[in-house]
Structure formats: C-alpha cells, structure tokens
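Before any comments, here is the structure.
Indexing begins at 1, ligand by ligand and atom by atom, following the structure's order.
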Amino acid sequence: MLSHQASDPKRKSLHGHWSSRMAFILAVTGSAVGLGNIWKFPYIAGQNGGGAFVLVYLICVVVIGMPVMMSEILIGRRGRRNPVATMALLGQEEGGSTRWRWVGGMGVVAGILILSYYSVIAGWTLAYVVKSATGVFAGASAAAVSEQFNGFTGDWRLVALCHTLFMSLSVFVVARGVERGLEQAVRFMVPALLILMLVLLGYSINSGYFDEGVAFMFTPDFDRLTWGSVLAALGQAFFTLSIGMGAIMAYGAYLPEETSITGASAAVVTADTSIAILAGLAIFPLVFANDLNPADGPGLVFDTLPLAFGQMAGGTFFSTIFFILLSFAAWTSAIGLMEPAVAWIVERFNKTRAQATIATGFLIWFVGMGSVLSFNVLSDVRFLAGTIFDNVDYLTSNIMLPLGGLLIVIFAGWVMCRNSTADELHGSGGLFKTWRILARFVAPIGILIVLINAVR
Ligand code: TRP
C-alpha cells in the first residue's frame, strides 16, 4: 500500500489551520446547528407521523451519522485540500484511482443546491426579526399569526429581497475570510439558543398539551412508518449534522494533527441532537394546544413559535432575540455550505477567495429564486416530489447526502489502509474497532437498504 506517503505529517492546508481544538468544534457546531434543527426537524417529524420517525432519526444519527462524520473529518485532515482534491489525492494514494474526486464534486453541487433554498428560509427568519421587534405578534391569535406567514411568503418580492439580503451577508463573510469572527459568535449563540429553547419549553409545559406533544414525538407507531419516512429520517440525520457533502471534510482539512476526531464528533453530535429534540418538545405541544396540523410543512415553526411568544410576558423581546439567534445559526451554516465550492474554485482555478465567493454566491442566489417562487407565483408548478423547493430539498437531503455519505464511509472503511485511519483516529483500541465496524458494515449496509427500498 502506498499509504506511507499519506502519513507525511508535514502536509499543510493552503488555507491555514484552526487555532485550537475549540475553534474547530465551534466551527463544526456552527455549521451543524441551524435551520435543520429548529425549522426542518419539527416539520419533517410532523409530516412523517412523529414517534417512529424520531426513533429512526436518532438511530441514524448514532450508527450512521457519527461514523460518517468521523470518516469525513479524518479524510479531510489526511488530504488537507478542498474535498475534490482531497478525494482525488487520497483516492490515488490509498486506492489507485483519482475517480474518487467525483464524491467531492457531488458535495460541491449539493452545497450549492442546499444553500439555494436554505438562504430563502433564512430570509424568512430575517423578516421575522423585524416582525417580532415591531410587535406584530403581541397577543396575536393563531389565525393572525398564520395570516402573517401566508401574507409574507405569498409576496415573492419581499421574500426575494430577504433571500438577497441573506446571501449578501453570507458572501460578505466568506469572501473576506472572516469566518473566525462568526465562529466566535457560536460561543454565545449555541448556549443562548439553548436557554431560549428552555424558555419556550417552559411555556410549552404550561400549555396544557405537553403530554400530547411528548406522546407525538416519542410514542412510535410503526404502522405509519414507510420506507419513505425512513429515508426522510436518514436524510434529516445527514442534513442536520452537515455531513455527506464534504463540508466537514473541508473543515477537517484545517484541523491540527493532535485533535481527537472522536471527541470532537461526539461533542458536535450531542449539541446538535439536543437542540433538535428541544425544538420538537417546544413546538409540538403548541401545535396541539392551538389545533394546528403537525404535518403542516415548512411553515410550522413560523406558525407556532410567534404565537407562544405573543402570549408570553416579555414576548416581543424574546421573540426578537430568538429570530436573531436563529438567523445567526443559519449564517454560520451558510458559510459551511459554501466552503467546498469556494475552496475548490480557489485551488482549482487560482482565483482569489473574494472572486470565488462572489461567483458561487451569485449562482446560488439565482438557483434560489426557484425556491423563492415555490411559495407564491410558482406554487402550482408541481412534479416528482412537489414544488421546485420540495424537489431541491428531496434531491439533496434524501439522495445526494446519503449517497455522498455512503461513498465516504466505503472510502474510509474499505479503500483506505487500516493504518492510515488508525493513525488519524489515534489508535487501534475499542473505539477505533467500533468505528471501523460501523464504517465498514453498519453504515453502508444501512444506507443502501434504506435508499434501495425507498427509491424503487
Ligand atoms: N446542518 C445545517 C442545519 O442543520 C445544514 C447543512 C447541511 C449544512 N449541510 C451542511 C451546513 C453543510 C453547513 C455545511 O441547518
């Protein structure tokens, strides 16, 4: 095996290194915690019937998400380049084929597609900061809150404006390479978000419908579980952990040699999963207390949380802070979604970071207009999975990310030398053996079974 070329510890990333283990954990947590936890998890769980979906999601996070995340980081650190170049280089060194670069290539495309609609929803969040601050929700009824949502998303110009604003913010940060500043924001954002979720949880507990909410989330009704919802749970696990598209690989490329990949992954997975579960626990009781439909779709959070804030003492304040924090969470995820594309363009075409980011940002903005219009002008244009937005979401979360993850664990578990991976994971003890079994057998077989059954 050629692996010993790869173990050259002197290999350096072109983009510098994280200043500390903490900086890396903050960056990965910042990318993981986002709209996926607070906006997407509750509505996907609602659409897929709750309990059984949540259980499958949690299993996917542990037995598939965790090994995929570790594989991505270790591949990234070993290659120390953008995901395309890293996969080409390690593919050559470890498996004799540069064709593995297509895994990186698919990740670049997935990042662009995900951010195209992610930015639209982040734009809604920005608009809700303003709505909250101006007291629109104070004392509002469920009908009034949902009217706000429909009125807003129905106005494509307003939605396009917010999408444009959010993309500009993301491009600004990535172009100037000042992500580090935003990572520092994660230090207070994640704890603050946790605290606000607890405030909401307190409100939910007192709503009188807490038991219904908990039962909905945690009583598995396997009769309602289809292969389609199992795939949705798998896709959500990938989406929320930011894995399967090379973003974490790109971040791993800047990771110092001595940092424990297992420890960092466990920290991120724990933080991310807790926030999603808390969001569900805050939202579902409100759904039932207000006679709303848990299968309502992408508007669920925007229809429930403002309602709760509107009835709380100090609600205008809390609501404003909440949507500001959520916008920040989306912002730190957006920069991660752009990273594979930007790093690739910089290295491959010798462009400056600013040029690469502006070009990528413009493309994403343009593609995103399809999702802007999915909620108004083009809401009747439906094919395959639904609207344009539904299709981009389905294609990325349910197909591209699981497929990317499958190839990544196969690469780390089967193509890479045992020594190379043991080297990156610091040892060959029980933890390493567990990772290897998950990465070689459990994760790939699990992903394949779900994909095959759901798609055929
Ligand atoms: N994990 C993010 C969220 O839950 C979304 C996301 C998916 C992401 N893939 C990513 C973020 C890659 C950064 C990088 O909101």
Tell me, which pairs form a side chain to side chain donor-acceptor pair (under 3.5 Å) where one or both residues lie in residues 100-113, sequence neighbours left out?
Thr98-Arg101
Apply salt bridge (Lys or Arg N to Asp or Glu O under 4.0 Å) to Asp393 and list each qualifying residue two or more places apart in sequence or on a separate chain.
Lys40
Would you call the rings of His163 and Trp365 parallel, tilted or perpendicular, where under 30° means parallel and over 60° means perpendicular?
parallel
Please check this pair: side chain of Arg187 against backbone of Leu26, looking for a donor-acceptor N/O pair closer than 3.5 Å.
no
Give me each pair satisfying ring-ring contact (aromatic ring centres under 6.0 Å, His included) with a member in residues 384-403, each pair once, sequence neighbours excluded.
Tyr117-Phe389, Phe375-Phe389
Tyr254 vs Tyr251 aromatic rings, parallel, tilted or perpendicular, using cut-offs 30° and 60°?
tilted
So if I only count non-hydrogen atoms and take anything under 4.0 Å from ligand 1, which residues does that give, chain by chain?
Ser31, Ala32, Gly34, Leu35, Gly36, Asn37, Tyr118, Phe239, Thr240, Ser242, Met245, Ala247, Ser333, Gly336, Leu337
